[in-house]
Amino acid sequence: MSILKARRVASNTHIHTLALITSRLYIQTCRFKSTSKSTSKSASTMKVLCVAEKPSIAKAVAGHLSGGQVQAHNTPEKFIKNYVFDYDFGRPWGNCQVTMTSVLGHITSAVFPPQYKKWDYPPPEHLFDAPVQIITSEDKKKVAENIEKQARFANALCIWTDCDREGEHIGFEICEAAKKGNRTLDIKRARFSNIERAHILNASRNLISLDHKQVNAVASRIELDLRIGYAFTRFLTTNLRTLGGPFEKLILSYGSCQFPTLGFVVDRYFRVRNFKPEQFWSIKVMHKREGINVNFGWARNRLFDRASVVVLYERCLTAKKAKVTKVQEKPTKKLKPLPLTTVEMQKMATIFLRMTGQQAMEAAESLYNKGFISYPRTETDRFDSGMNLRALVQKQTTSQSWGDFAQNLVNGGFQQPREGRHDDKAHPPIHPITYVAPSALNENEKKVYEFVVRRFLACCSEDAKGVSTDVDILYGEESFHAHGVVVLERNYLEVYIYDKWTGTVQLPKFVVGEQFEPEEALMTEGKTSPPNYLTEADLIALMDANGIGTDATMAEHIQKIQERDYVRTVPRTARSDDDEEVVENAPATRGGRGGRGRGGRGGATRSTGRGGGVKEFIPTQLGVALIEGFDRMNFETSLGKPFLRKEMELKMKAICEGRSTKEIVLNESIEQYRHVYVQSQQKLAVLKAACREYVFQNSG
DNA sequence: GCAAGGTC
């Protein structure tokens with residue numbers, strides 16, 4: 001049997017070479033007879049199996065390559081279709097019979113053998129060097145079988161997964177599945193960063209090889225996350241269970257993403273709790289002209305020494321008259337937003353759409369699956385120059401709400417979007433694909449769709465324009481400043497209702513050199529207030545900045561630490577920034593009528609996201625105990641801080657760039673974490689003490 | 001019962 005197989009393999013290779021020669025000839029004849037496409041299908045025609053990372057890409061690529069001449073076949077997996085068509089890849093494959101299909105993300109998973117199933121024995125530290133098996137995930141069996149079966153009919157395999165590290169690894173998983181069906185495949189990879197027709201055709205003519213460095217980087221990540229996550233989760237859960245109470249039933253999970261996420265929440269919690277308010281004093285000058293109250297702010301802003309402010313304030317009053325030292329009027333603008341990334345969409349949704357990041361992602365995925373918006377997981381904030389954005393704008397002209405705005409863009413108002421600095425080389429920014437009536441969507445979908453469209457239209461329009469006026473005065477020896485803006489053209493603001501250009505105060509006319517007696521000069525007093533607890537938008541921003549999780553998983557990690565009861569959310573109670581009130585009215589003599597009558601609360605709402613039903617994250621006593629417990633163990637690298645994850649990220653990068661290897665990284669990291677594990681065992685008493693202190697004593 | 005990463 002095996003001999004037969006080997007023979008078949010050998011003869012297949014011959015056919016393969018022959019196919020190359022004949023197909024090249026075929027192309028040349030074809031050039032002269034362009035009408036007779038795909039008529040002569042000899043047995044020697046190359047058969048290529050193409051596999052994308054997800055069904056939508058398979059469909060789109062098949063559409064482009066086939067030019068519409070395509071047959072779609074169902075497979076046992078309901079989400080996946082096999083598309084069959086002819087296509088000329090150019091050299092070396094030439095004209096081919098193509099089957100294009102896809103997987104659904106990763107098809108394998110890393111697992112420990114069954115003998116490691118129990119939590120207490122073998123002890124968790126054995127998981128650091130237990131064998132790790134790569135198996136086909138139970139829910140991906142049908143997907144893998146489809147690849148294996150189709151590979152039997154093919155001479156070549158072309159990988160069309162996303163152009164990122166995970167995509168490279170998924171490509172490798174596809175190769176392995178395909179090789180089970182056919183060990184002689186010629187394997188190539190297409191590199192593409194969007195599914196625009198010309199770009200896809202170009203990718204198909206410039207096939208490259210799989211990058212095994214990237215594959216190895218991801219393989220390392222997978223193995224480390226498994227070993228470390230399982231080991232520490234079992235360690236925490238079983239060891240702290242002996243404390244009784246709530247610990248008896250809890251799962252105390254550790255993960256390289258969930259713990260740093262918890263760490264951010266706890267860190268902010270302590271900064272709020274340990275905050276010591278400080279008293280400060282300031283001076284404000286007000287003058288009324290042309291019916292407008294002009295507030296001049298102090299150039300020194302505020303001082304933390306009352307006596308000094310009193311002296312300076314007195315000097316102002318003594319001077320009586322203020323002198324205008326500078327008047328500057330200049331054009332200003334408010335920039336339109338950047339093209340939309342996943343992280344930005346989640347942040348905006350938590351602030352303006354009253355949703356969690358998770359809900360926003362669910363709605364966006366649903367909109368994507370129905371074909372209304374583009375792929376919702378992207379880090380890219382610049383559109384590829386080849387994209388026909390005008391056509392996308394045109395599709396929105398039917399809307400009742402923003403149709404007129406879109407029409408104006410079509411009629412000449414269109415401007416190319418700004419270009420951010422991020423490009424994941426896999427997906428374009430999130431944008432609407434087609435118009436959909438709000439009545440066809442559920443509440444969350446409606447909100448997310450509207451946001452995506454308004455954001456997109458804003459990107460394709462013009463910055464808001466205005467004129468800013470700055471007036472500086474000298475009052476005694478102190479400088480004060482007034483700033484005003486007049487919005488002249490709202491432009492993108494018309495459609496992008498989430499942005500406000502506030503502070504739109506028109507200043508009256510002032511002339512350099514003129515003198516006037518201010519109507520009021522006030523000495524104010526206040527105290528600094530603690531920072532706010534984190535909102536979900538803050539948390540996402542922190543994770544993003546520290547490389548914790550990916551655009552697709554951040555919301556899940558946030559969800560996870562709530563499920564574990566490490567953190568909870570509470571509605572933010574309205575509060576102002578630093579409390580400040582007027583202590584003395586002018587012209588008042590010192591110690592006179594300490595006029596507290598005027599409500600001088602400084603700028604109540606700093607920006608977006610304040611009050612208004614925004615939720616903030618507060619750690620539970622359990623969450624504090626875990627982070628604090630690890631902190632008190634005083635390791636060189638605390639598990640609750642983002643450093644370890646960052647380090648893993650750097651090591652993955654080193655593998656990708658050939659500066660390290662999978663073996664080196666795995667060895668190093670496993671030893672590093674084993675060390676932390678041993679230390680944790682030795683100092684278990686410290687962790688337990690923290691748990692007793694916070695969970696049992698502070699409860700209530 | 002446990003991770004993080006894809007995708008549906």
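Atom set for the values below is all heavy atoms of this structure, side chains included, hydrogens, waters and symmetry mates excluded. So that the names make sense, note that chain A is the first sequence line, chain B the second, and so on, each numbered from 1.
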(request) Identify which nucleotide among dA3(B), dT7(B), dG1(B) has an atom closest to any side-chain atom of Leu104(A), counting heavy atoms from C-beta outward. (result) dT7(B)

(request) Scan His557(A) against the nucleic acid and name what it touches under 4.0 Å (heavy atoms): base, sugar-phosphate only, or nothing. (result) sugar-phosphate

(message) Counting the atoms with a prime plus P, OP1 and OP2 as sugar-phosphate, which does Glu53(A) contact under 4.0 Å by heavy atoms, base, sugar-phosphate, or nothing?
(response) sugar-phosphate

(message) From the set dC2(B), dT7(B), dA4(B), return the single nucleotide nearest to any side-chain atom of Ser253(A).
(response) dC2(B)

(request) Without swapping roles, check the side chain of Thr378(A) against the backbone of Pro428(A) for a donor-acceptor pair under 3.5 Å. (result) yes

(request) On DNA chain B, check which nucleotide each of Val103(A) and Lys560(A) is closest to and give me the residue with the more 5' one. (result) Lys560(A)

(request) Please work out if Ile251(A) contacts a base, only the sugar-phosphate, or nothing of the nucleic acid, heavy-atom cut-off 4.0 Å. (result) sugar-phosphate

(request) Starting from C1' on dT7(B), measure out to CE on Met361(A) and report it in whole angstrom. (result) 11 Å

(request) Mark yes or no for whether Asn216(A), through its side chain, and His212(A), through its backbone, hold a donor-acceptor pair below 3.5 Å. (result) yes

(message) Nearest to the side chain of Thr550(A), heavy atoms from C-beta on, is which of dC8(B), dA3(B), dG5(B)?
(response) dG5(B)

(message) At 4.0 Å (heavy atoms only), tell me whether Arg241(A) reaches a base, stays on the sugar-phosphate, or touches nothing.
(response) base

(request) Would you mind checking if Glu445(A) and Lys370(A) are paired as a salt bridge, meaning a charged N to carboxylate O distance below 4.0 Å? (result) yes

(request) Measure from the side chain of Thr553(A), starting at C-beta and using heavy atoms only, and say which of dG5(B), dC2(B), dT7(B) lies closest. (result) dG5(B)

(request) Look at the side chain of Thr233(A) and decide which nucleotide, out of dG5(B), dC8(B), dC2(B), has an atom nearest to it. (result) dC2(B)

(request) Rounded to the nearest angstrom, tell me the gap between atom CD in Glu362(A) and atom P in dT7(B). (result) 15 Å

(request) Please report, rounded to the nearest Å, how far the P atom of dA3(B) is from the OH atom of Tyr566(A). (result) 8 Å

(request) Take Glu649(A) and Arg165(A), measure what salt bridge (charged side-chain N to carboxylate O under 4.0 Å, His left out) needs, and give me the verdict at the end. (result) CA-CA 12 Å; Glu649(A) 195 62 31; Arg165(A) 279 196 309 233; 2.7 Å; yes

(message) Listing request: all salt bridge (charged side-chain N to carboxylate O under 4.0 Å, His left out) pairs with a residue in residues 358-369 of chain A, at least two apart in sequence or in separate chains.
(response) Glu365(A)-Arg377(A)

(message) Between Tyr368(A) and Ser56(A), do the side chains contain a donor N or O and an acceptor N or O under 3.5 Å apart?
(response) yes

(request) Would you indicate what Gly167(A) reaches in the nucleic acid, counting non-hydrogen atoms under 4.0 angstrom: base, sugar-phosphate, or nothing? (result) nothing

(request) Starting at atom CD of Glu649(A), determine the distance to atom C1' of dA3(B), rounded to an integer number of angstrom. (result) 16 Å

(request) Write out all pairs satisfying side-chain hydrogen bond (donor to acceptor under 3.5 Å, both in side chains) with one or both partners inside residues 678-689 of chain A, taking only residues at least two apart or from two chains. (result) Thr242(A)-Lys688(A)

(request) Measure up the Phe383(A) and Phe456(A) rings against each other and bin them: parallel (under 30°), tilted (30 to 60°), perpendicular (over 60°). (result) perpendicular

(request) Answer with base, sugar-phosphate or nothing: what part of the nucleic acid does Arg227(A) contact at a heavy-atom distance below 4.0 Å? (result) nothing

(message) From the set dC2(B), dA3(B), dC8(B), return the single nucleotide nearest to any side-chain atom of Arg234(A).
(response) dC2(B)

(request) Specify the separation, in whole Å, of atom CZ of Arg564(A) and atom C1' of dC2(B). (result) 7 Å

(message) Both Ser137(A) and Thr237(A) contact DNA chain B. Which one's nearest nucleotide lies toward the 5' end?
(response) Thr237(A)

(request) Check each residue of residues 109-128 of chain A for a non-hydrogen atom within less than 4.0 Å of any atom in DNA chain B, then write out the ones that pass by number, or none. (result) Ala110(A), Trp119(A)

(request) Starting from P on dA3(B), measure out to CG on Leu666(A) and report it in whole angstrom. (result) 20 Å

(message) Does Phe235(A) reach a base, just sugar-phosphate, or nothing at all? Heavy atoms under 4.0 Å.
(response) nothing

(request) May I have the distance from Asp164(A) (atom CG) to dT7(B) (atom C1'), rounded to whole angstrom? (result) 13 Å

(request) In whole angstrom, give the distance that lies between atom CZ of Phe232(A) and atom P of dC2(B). (result) 18 Å

